[in-house]
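Worth saying up front: this structure is predicted, and the values here are computed from it rather than measured.
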Amino acid sequence: MRKTIHLVEGWKFGLTNPPVDTAMPELQEGMETVCIPHVWNLDKPSRYGCGIYQYSFNSNELLGEKVFVEFGAVANVCKVWLNGIYLGEHRGGYSCFRFELTEALCQGENILTVTADNKKYEDSCPVGGDFNNYGGIYRDASLIYTGKNHFDLLYFGSSGLEIETHADGSLCAKAHVIGTGKIIYTLWDGDQVAAQADATWESPEVQMKIENPHLWNGKKDPYLYRISAELYVDAVCVDQVSLNCGFRKCEINSDNGFLLNDQHVKLNGVAKHQDCEGVGNGPSNEQLDTDMQLILEVGANAVRLSHYQHPQYFYDLCDQNGLLVWAEIPMLGMPDGNTAVVENAKQQMRELIIQNKHRPSIFCWGIQNETSMYGESLELYHKTEDLNTFTKSLDSSRYTTSANLFSVKFQSQLNFIPDITAYNAYFGWYHHEMDEYDPFLEQFHAENPQIPLGISEYGVDGNPALHSATPKRKDYSEEFQALFHETVYPKMRKRDFVWGTFVWNMFDFGSVLRNEGGTQGKNCKGLVTFDRKLKKDVFYYYKACWSEVPFIHVGGRRFVNRCGETTTVKVYSNQKYMQLYVNGNMVAELQQDGPVFTFENVPLTLGENTIRAVSGAYVDEIQITGVTEPEKSYIYVDPNPEYNVKNWFAAEQSEEDLFPEDRYSVMTSMRELMADPNVTALLEKETPELYEECVAAKKAPIGLLFLFNRKRNEYSEDYVKEMNKKLRNIKKPKTNN
């Protein structure tokens, strides 16, 4: 029988140059001793390089005939040697993989050498992304030893057992065997045998069926079975593997949205990255338990595990707790002329599916996220179609989906390739206004009534140290973050044809690209802070919308110092009646079905005030202080504010004058600008530092102003206005209509 030894302590670590081909790189002097999991650029996630790890072990401890090394994940390109003998390479930083050590083992001491190169390579996903690119052996590492007859440990990092279940109780099982033997499959219902079948290593696939299966029914009843496969040689069991599984039926249609076991379920989802403050992308199981507890507390019933394969332990938690899962690969860029990155995407998709196909929680496979960032092309469509077809060939029982940039046209081929589609829509934050969600959703459904539509991302950054009595876009206040979600979520929730929504994000996460809203190195769109210690007010808004556990929460508890004779108080609750008390006196009461009780003109005295909300047995209170002057620390002053185009308009220069339709401007799409040699010559001459980005964005629907805004600390508003004037001197070519 197989045995596993976890390799935790005693690793040596240093930095080195990336290995060339199969040659083991030079070791560095003074390598430090570390424990696995290990993230080598935790303190400086912007750092790219190659870590080298070594581990010594005695082969006399390994009693089997075959020996393997297993890595839960290594970021991002990994090469492995044993005793200087090259074993192989794995490209992709998020999935489990193994190498066989048997032939390279020597008697006595053995030295395992591993490189973890986190450089971004053009032929490996992801090629970009707004999240930290950590490096290291950041999930568990183990030695596994078996007899010569065993279930295949090299079958794409999986258990070697593939299963597919259906709601009628049917199950297909197929084990991959190295060597020979008889296979006995057992389906367990608790400690009772529900079904059993046997097969041989030459013909390992079997069909099984049980009558009236107990269905896995999401959070209401996440009922799990277990299937085991035992390998027998001469009536002796020589290897055994098992997987949890469940029977359920998922359907999504363009009118009624998501159906679980024929019952309509609105997918109230959150998105999640795997990192956590202080540990990067190597959270412990205890930290993942905390994440799950918070997701369950807020009341979500679905989670988008973005933008890559997550730890197996967290998928287990989703199975056990009934969360419906959108699982995906890190396909965040599909540039023309690069077929290698699609092949790598296929490899990562194969690993994702084969390692997780048994899970009842997973209802769809995500094939791409915002790959149209720099424009659409026939090549992009063909590659996406190829990846979609490949995914369906691995698992036809689940949906494929995409997360499209908001600017993808409704009739774009990208919406017709996967089974279901979704959009990352940030109306009212990065672009447009919050009211745009209504026409956006209605128009898409009108133009594409046959396509199931979801919202894969929406949200705004909220810094819990910033506050405003009159919140507005880009003030980064906790109040605007709450106001945004209170405004836009009902627009999605009331439309049954929107099959699901996923708040971006459940938790703040690391992103070295970010320096905004008074925080650096973090994307602060989370409902909960990066360290998981603080639930922002918006967390309680969604808890009031989704959770059935009675509660009330008075918002604004960090907005302590308030100026004026009155203030506004919001109470989040799933109760229907609320009384508000100030300093012991009841000042107002409301009865309603909504999740937000808004009390306006609440009296405020100078000094300390106790605000208490009461609904039957449920009570919550906060302390606020009346002050004579606004608290300056609550106000974010952007050192490089976005260009205010509306201020450019004057009596003598209207919008039509500044951005004429027959001439170019900073509002013209990069697709149009870069197609005109006169414009490209101007940009290359006038903006040499920005020109490389202009070339990269030459097929993008975004305008030049978007690129200038990203570099607004380098280009003054007067400079951008002057560039707009120069562009207006160039006429657009006439088109034949």
Side-chain angles (χ1 to χ4, degrees), residues 72-73 94-96 139 158-159 163-165 167 214-227 242-250 252 258 260-261 265-276 281 283-329 351-366 395 397-399 401 403 422 454 456 499-507 509 527-528 532 542 546-547:
Y94 305 99
S95 56
C96 178
R139 292 186 193 150
S158 73
S159 64
I163 65 167
E164 184 174 305
T165 62
H214 190 151
L215 298 182
W216 186 92
N217 198 30
K219 290 174 66 177
K220 289 182 179 179
D221 187 10
Y223 196 84
L224 293 172
Y225 290 79
R226 180 172 62 89
I227 184 168
S242 66
L243 297 171
N244 285 335
C245 61
F247 298 91
R248 54 96 178 115
K249 178 183 179 183
C250 293
I252 304 176
F258 193 93
L260 177 61
N261 302 326
V265 176
K266 191 73 167 183
L267 292 191
N268 302 320
V270 293
K272 180 186 186 302
H273 272 293
Q274 67 179 345
D275 63 342
C276 185
N281 58 346
S284 65
N285 286 352
E286 290 75 19
Q287 288 172 308
L288 294 176
D289 286 337
T290 296
D291 284 2
M292 176 56 69
Q293 290 163 10
L294 288 165
I295 292 171
L296 293 175
E297 181 185 346
V298 83
N301 61 10
V303 60
R304 180 183 175 201
L305 294 180
S306 43
H307 287 300
Y308 38 74
Q309 186 167 334
H310 282 237
Q312 289 296 302
Y313 183 76
F314 201 79
Y315 292 108
D316 287 341
L317 292 179
C318 292
D319 284 339
Q320 295 160 14
N321 289 283
L323 290 184
L324 287 150
V325 174
W326 169 332
E328 63 186 50
I329 57 170
E351 291 170 336
L352 173 67
I353 291 177
I354 290 177
Q355 292 173 25
N356 295 285
K357 186 179 177 181
H358 61 285
R359 301 187 179 280
S361 59
I362 297 176
F363 71 91
C364 71
W365 306 114
D395 182 13
S397 71
R398 287 179 176 83
Y399 292 94
T401 192
S456 38
W499 57 261
T501 58
F502 296 85
V503 177
W504 192 262
N505 198 281
M506 181 64 198
F507 306 103
F509 59 91
L527 309 183
V528 179
R532 279 46 171 183
Y542 280 106
W546 296 341
S547 176

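- Q274 is not listed as a side-chain neighbour of F509, based on a closest heavy-atom distance of 4.5 Å or more.
- Counting only heavy atoms from C-beta outward, the side chains of M292 and C318 approach each other to under 4.5 Å.
- Remark: side-chain polar atoms of R359 are not paired, donor with acceptor, to backbone N or O of D319 under 3.5 angstrom.
- A donor-acceptor pair is defined here as one N or O able to donate and one able to accept, closer than 3.5 Å; no such pair exists between the side chain of R532 and the backbone of F507.
- The backbone N or O of I252 sits less than 3.5 Å from a side-chain atom of Y399, completing a donor-acceptor pair.
- A distance of 13.5 Å separates OH in Y223 from CG in N217, rounded to the nearest 0.5 Å.
- Using modelled atom types, no side-chain atom of E164 and backbone atom of S397 make a donor-acceptor pair closer than 3.5 Å.
- To the nearest 0.5 Å, the span separating CG on L317 from CD on Q312 amounts to 11.5 Å.
- Side-chain contact between N244 and D316 is absent, with no heavy-atom pair separated by less than 4.5 Å.
- When all heavy atoms are compared, the tightest approach of R139 to S95 is NH1-N, 4.4 Å.
- Across all non-hydrogen atoms, the minimal contact from A302 to L323 is N-CD2, 4.0 Å.
- Judged purely by atom type and a 3.5 angstrom limit, N281 has no side-chain atom pairing as donor or acceptor with the backbone of D275.
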Problem set entry | CA sep, side-chain torsions, deciding dist, call: H310, Y94, side-chain hydrogen bond (donor to acceptor under 3.5 Å, both in side chains) | CA-CA 7 Å; H310 282 237; Y94 305 99; over 6 Å; no
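- At least one donor-acceptor pair under 3.5 Å links the side chain of R248 to the backbone N or O of P360.
- Residue L260 holds its CG atom at 9.0 Å from CG of L267, rounded to the nearest 0.5 Å.
- A167 and L215 get closest at one heavy-atom pair: O-CD2, 3.6 Å.
- Put simply, the side chain of Y315 reaches to within 4.5 Å of the side chain of L305, judged on heavy atoms.
- Closest heavy-atom contact between W546 and G269: CH2-O, 3.8 Å.
- A heavy-atom distance below 4.5 Å is not found between the side chains of Y225 and I227.
- In this structure, H273 and M506 have side chains that are not in contact, with every pair of non-hydrogen atoms separated by 4.5 Å or more.
- With S306 as reference, W504 is the one residue of F502, W326, W504 to meet the side-chain contact (heavy atoms from CB on, under 4.5 Å) rule.
- At least one side-chain heavy atom of W365 sits less than 4.5 Å from a side-chain heavy atom of N356.
- In terms of modelled atom types and a separation under 3.5 Å, the side chain of N301 and the main chain of N268 share a donor-acceptor contact.
- Separation of atoms CG (N321) and CG (L296) is listed at 5.0 Å; rounding is to 0.5 Å.
- The two residues L288 and P283 make their nearest non-hydrogen contact at CD2-CG, 3.8 Å.
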Problem set entry | Working for side chain to side chain contact (heavy atoms under 4.5 Å, CB included), residues D291 and Q287 | CA-CA 6 Å; D291 284 2; Q287 288 172 308; 5.7 Å; no
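- Atoms OG and CH2, on S361 and W216 in that order, are 5.5 Å from each other to the nearest 0.5 Å.
- Put simply, the side chain of D221 never gets that close to the backbone of G322: no donor and acceptor are under 3.5 Å apart.
- In terms of modelled atom types and a separation under 3.5 Å, the side chain of T165 and the main chain of F247 share no donor-acceptor contact.
- Rounding to the nearest 0.5 angstrom, the gap separating the SG atom in C364 from the CG atom in D395 is 11.0 Å.
- For the pair L324 and F258, the tightest heavy-atom approach, listed with the atom from each and the gap, is CD1-CE2, 3.8 Å.
- Side-chain atoms of V503 and T501, non-hydrogen and from C-beta on, never get closer than 4.5 Å to each other.
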